[in-house]
Amino acid sequence: MSRGCPVPEREDTISGLRVRLFEARAAGRTVGFVPTMGFLHAGHCSLIERARAGNDVVVVSIFVNPLQFNPGEDFDDYPRDLERDLRMCADAGADIAFVPDRREMYPEPVATTVHLGTLADVLCGASRAGHFDGVATVVAKLFSIVGECSAYFGEKDFQQLTIVRRMAADLSLPVRVVGCPTVREPDGLALSSRNAYLSEVERSQAPVLRRALESGATLVQAGETSPAAVEAEMAAVIATAPLAQIDYAAAVPVSTLVADGPLRGEVRLLVAVRFGTARLIDNIGCRAG
Ligand code: AMP
């Protein structure tokens with residue numbers, strides 16, 4: 001595959017992508033895969049660059065997956081700009097943009113879905129019922145289409161990363177799942193396609209998520225092991241932003257994402273906060289005990 005072209009080669013069909021990747025692998029090339037819903041930003045580009053650095057062929061999928069949106073959520077309004085996305089893919093080093101339409105991905109209503117039990121039901125799964133079934137199902141399908149590869153996911157969506165890792169392991173999928181650090185604005189706000197929904201005043205208050213996480217992490221590092229105490233600290237920081245409506249603030253073991261007594265070892269602090277129509281999430285890792 002050549003680099004430095006103004007746009008990546010575009011592939012809209014499952015069969016076309018399969019043929020290309022079959023040929024690439026037959027020639028001994030490794031494949032890096034970055035699944036996205038488009039409206040790319042520097043966070044997505046960091047995943048593409050990481051895939052570029054570690055693989056011979058880099059595929060980016062752009063597909064706003066209807067299965068992971070509930071009725072009343074922002075599927076119709078989700079921001080889209082394919083021409084810009086294709087340029088950004090090329091600049092970050094992608095070789096192939098896989099851009100299937102809805103009919104290509106779901107020619108029939110889906111009867112088979114992937115569900116991961118508790119991991120999918122807590123945190124964002126509690127307020128977005130069925131969301132992670134939709135995520136796991138489309139990622140399983142994309143992994144099946146792309147085949148053996150390294151796949152790059154952002155820690156920004158930590159519950160999603162955990163679920164995808166677990167699904168790949170449980171189902172022995174031939175995919176190495178690689179977690180990549182969250183890319184942030186200078187004031188600490190995690191980059192997100194949904195930041196486009198924020199008004200100016202909401203945007204000015206949104207860095208409160210990062211401040212809450214840092215405050216929680218400081219408490220854990222100072223020896224606090226009570227999840228409730230750490231969660232209360234994060235909630236108190238979030239409450240200082242007048243327009244913030246907290247969905248959750250959680251301090252949980254990294255492996256289960258469910259608090260089960262005092263915090264020990266690897267801990268993840270996660271928050272979800274609404275500002276108007278935008279629901280923002282963020283998280284941070286720390287060690288307890
Ligand atoms: P999305 O298009 O929102 O489905 O995200 C596609 C991928 O980009 C997921 O693996 C996200 O976790 C990742 N991602 C989104 N925002 C960021 C960010 N700020 N930093 C790093 N990765 C991100």
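Start at 1 and go down the list; that is how both ligands and their atoms are numbered. All values below were derived from every heavy atom in this structure, side-chain atoms included, with hydrogens, water molecules and symmetry-related copies excluded.
- Ring geometry, Phe143 versus Phe33: the interplanar angle exceeds 60°, so the pair is classed perpendicular (tilted spans 30 to 60°).
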For residues 217-227, run the donor-acceptor check on the side chains, cut-off 3.5 Å, and write out each pair with its distance to 0.1 Å, sequence neighbours left out.
{"unit_1": "Thr218", "atom_1": "OG1", "unit_2": "Glu214", "atom_2": "O", "d": "2.8"}
{"unit_1": "Glu224", "atom_1": "OE2", "unit_2": "Ser226", "atom_2": "N", "d": "3.0"}
{"unit_1": "Ser226", "atom_1": "OG", "unit_2": "Ala228", "atom_2": "N", "d": "3.3"}
{"unit_1": "Ser226", "atom_1": "OG", "unit_2": "Ala229", "atom_2": "N", "d": "3.1"}

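- The side-chain tip of Arg268 points at the ring of Phe158 from less than 6.0 angstrom away and within 45° of straight on.
- Residue pairs satisfying the side chain to side chain donor-acceptor pair (under 3.5 Å) criterion with at least one member in residues 256-267, sequence neighbours excluded, are listed as follows: Glu266-Arg287.
- Thr240 and Arg211 share no side-chain donor-acceptor pair at under 3.5 Å.
- Sorted by chain and number, the heavy-atom contacts of ligand 1 below 4.0 Å come from Pro35, Thr36, Met37, His41, Gly43, His44, Leu47, Tyr78, Phe153, Gly154, Lys156, Asp157, Gln160, Pro181, Thr182, Val183, Leu191.
- Partners of Asp133 under the salt bridge (charged side-chain N to carboxylate O under 4.0 Å, His left out) rule, at least two apart in sequence or in another chain, do not exist in this structure.
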